[in-house]
Amino acid sequence: MTAVSSFARHGKKIVAIGRNYAEHIKELSNTTPREPFFFLKPTTSYLPSGGRVEIPKGIICHHEVELGLVIGKRGRDISQANAEAHIAGYALAVDMTARNLQEQVKSKGLPWSAAKGFDTFTPIGSFIPKSDVKDPHNLRLWLKINGAFKQNGTTSDMIFRIPRLIEHISSIMTLEEGDLVLTGTPAGVGPVSAGDQIECALSETEGNDLAKLRFSIVDREGGYQFEA
């Protein structure tokens with residue numbers, strides 16, 4: 001197995017794009033960015049399908065289903081025209097967010113690292129080779145909680161398309177083989193609770209599934225405790 005196909009073990013960083021779907025921006029009353037912006041998540045937050053997301057005490061945890069780009073070729077200052085050559089494939093992912101902690105630190109002008117970086121906070125599907133995806137801007141993303149749809153969107157609604165994301169990120173930091181770029185989440189984010197069963201999928205718009213991802217929610221024992 002190559003380092004790219006096992007990116008969750010070998011990748012060095014997760015680069016997560018924020019506010020890349022207009023309806024999601026509206027639902028959280030955020031402002032639309034003039035250029036892509038991103039935050040980093042640690043690779044220790046990866047959780048394979050079938051795992052359990054652990055919610056720390058006092059945390060209100062939200063789901064955000066996303067298309068992930070798996071980087072296959074190291075690059076710096078990558079042009080939009082050359083961006084595709086640096087993508088090895090894709091993955092279905094969920095960016096779990098400690099929403100109340102995020103709101104608290106945002107109000108103080110502090111970083112989001114803790115709100116996004118807890119262990120188990122990046123459930124991740126298996127590697128999807130680039131050749132299996134006809135058009136990454138024409139894919140459907142959905143997420144269900146206990147069988148009920150919560151998110152059901154399409155990557156065609158991205159504000160900044162994939163080549164622009166690659167160009168922007170690589171103008172700031174080198175992208176390396178095995179890195180994962182999360183491209184933003186469609187509308188419908190919301191809370192999860194211990195005992196919930198989560199199912200999500202990435203599919204072509206005509207219905208062919210490219211990936212599925214399942215995980216459960218549990219309360220974390222020990223560790224961090226949120227205080228308002």
Side-chain angles (χ1 to χ4, degrees), residues 8 14 16-21 23-30 39 41-68 90-106 112-126 128 139-155 157 180 182-203 207 209-228:
I14 304 169
I17 300 293
R19 303 178 191 173
N20 202 26
Y21 287 77
E23 293 303 312
H24 173 59
I25 292 171
K26 289 179 185 177
E27 72 183 349
L28 295 184
S29 300
N30 287 322
F39 51 91
K41 297 187 67 158
T43 56
T44 48
S45 68
Y46 278 135
L47 178 76
S49 186
R52 302 188 303 173
V53 169
E54 300 177 355
I55 303 179
K57 188 174 181 180
I59 287 294
I60 297 172
C61 184
H62 281 198
H63 57 79
E64 301 185 11
V65 68
E66 311 206 8
L67 171 67
Y90 303 91
L92 175 62
V94 182
D95 172 26
M96 304 303 294
T97 303
R99 191 69 73 197
N100 52 345
L101 175 58
Q102 183 190 39
E103 290 172 352
Q104 183 187 75
V105 296
K106 279 171 62 177
W112 299 5
S113 297
K116 297 283 192 174
F118 286 105
D119 288 351
T120 75
F121 265 37
T122 312
I124 189 74
S126 58
I128 305 166
L139 300 175
R140 182 156 299 280
L141 286 163
W142 60 254
L143 181 145
K144 295 179 182 179
I145 300 179
N146 303 324
F149 277 109
K150 298 298 181 180
Q151 291 185 268
N152 192 5
T154 173
T155 57
D157 291 334
L180 183 72
L182 299 180
T183 58
T185 191
V189 305
V192 296
S193 302
D196 285 345
Q197 299 295 317
I198 313 299
E199 179 184 8
C200 41
L202 175 69
S203 62
D209 283 341
L210 295 168
K212 284 198 170 181
L213 174 59
R214 295 178 176 87
F215 55 94
S216 58
I217 308 296
V218 298
D219 289 326
R220 180 175 174 177
E221 296 181 7
Y224 179 83
Q225 296 186 27
F226 177 78
E227 295 183 6

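Keep in mind that the numbers below use all heavy atoms, side chains included, and drop hydrogens, waters and symmetry copies. Predicted model, so just to flag it, every value in this text is computed and none were measured.
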Nearest heavy-atom contact between A201 and K212 is CB-CG, 3.9 Å
Write down the atom of C200, the atom of V65, and the distance for their closest heavy-atom approach. CB-CG2, 4.0 Å
Taking the side chain from D219 and the backbone from A194, do they hold a donor-acceptor pair closer than 3.5 Å? no
List the atom of G147, the atom of K144, and the distance in Å for their closest heavy-atom pair. O-CD, 3.8 Å
Distance in Å, Q197 CD paired with I145 CD1, rounded so as to fall on 0.5 Å steps: 11.0 Å
Can you tell me how far the CE atom of M96 sits from the OG atom of S45, to the nearest 0.5 Å? 11.0 Å
Strictly distance-based, threshold 3.5 Å: is any side-chain N or O of K41 a donor or acceptor partner for the main-chain N or O of K116? yes
Students often mix this up, so state it plainly: with edges at 30° and 60°, are the rings of W112 and F39 parallel, tilted or perpendicular? tilted
Starting at CG of L101, measure out to CD1 of I59 and round the result to the nearest 0.5 Å. 5.0 Å
Scanning both residues in full, the closest heavy-atom pair of G68 with L182 reads CA-CD2, 4.2 Å
Okay, side chain of S216, backbone of R52: is any donor-acceptor separation there less than 3.5 Å? no
Kindly determine whether E23 and K26 satisfy salt bridge (charged side-chain N to carboxylate O under 4.0 Å, His left out), including the steps that lead there. CA-CA 5 Å; E23 293 303 312; K26 289 179 185 177; 3.3 Å; yes
Any side-chain heavy-atom pair of L210 and Y90 under 4.5 Å: no
Got a second to check how far Q102's CD is from L28's CG, nearest 0.5 Å? 7.5 Å
Look up atom OG1 in T154 and atom CG in L139, then write down how far apart they are to the nearest 0.5 Å. 7.0 Å
Please report the interatomic distance CD(E66) to CD(Q151), rounded to the nearest 0.5 Å. 8.5 Å
Closest non-hydrogen contact found for F215 with V53 is CD1-CG2, 3.6 Å
H24 side chain near V189 side chain, heavy-atom distance below 4.5 Å: yes
Which residue in the set L213, D209, L141 passes side chain to side chain contact (heavy atoms under 4.5 Å, CB included) when paired with L202? L141
Report yes if the side chains of D196 and H63 come closer than 4.5 Å at any heavy-atom pair, otherwise no. no
Between the main-chain N or O of I60 and the side-chain N or O of N100, is there a donor-acceptor pair closer than 3.5 Å? yes
Only one of I198, T185, L92, N152 forms a side chain to side chain contact (heavy atoms under 4.5 Å, CB included) with L143, so which one is it? I198
Where the side chain of E227 meets the backbone of G58, is there a donor-acceptor pair that is under 3.5 Å apart? no
For H62 and K150, run side chain to side chain contact (heavy atoms under 4.5 Å, CB included): C-alpha distance rounded to whole Å, both residues' side-chain angles, the deciding distance at 0.1 Å, then the answer. CA-CA 11 Å; H62 281 198; K150 298 298 181 180; over 6 Å; no
Heavy atoms from other residues, nucleotides or ligands near NZ of K57 exceed 12 (cutoff 6.0 Å): no
Nearest heavy-atom contact between P123 and F121 is CD-C, 3.5 Å
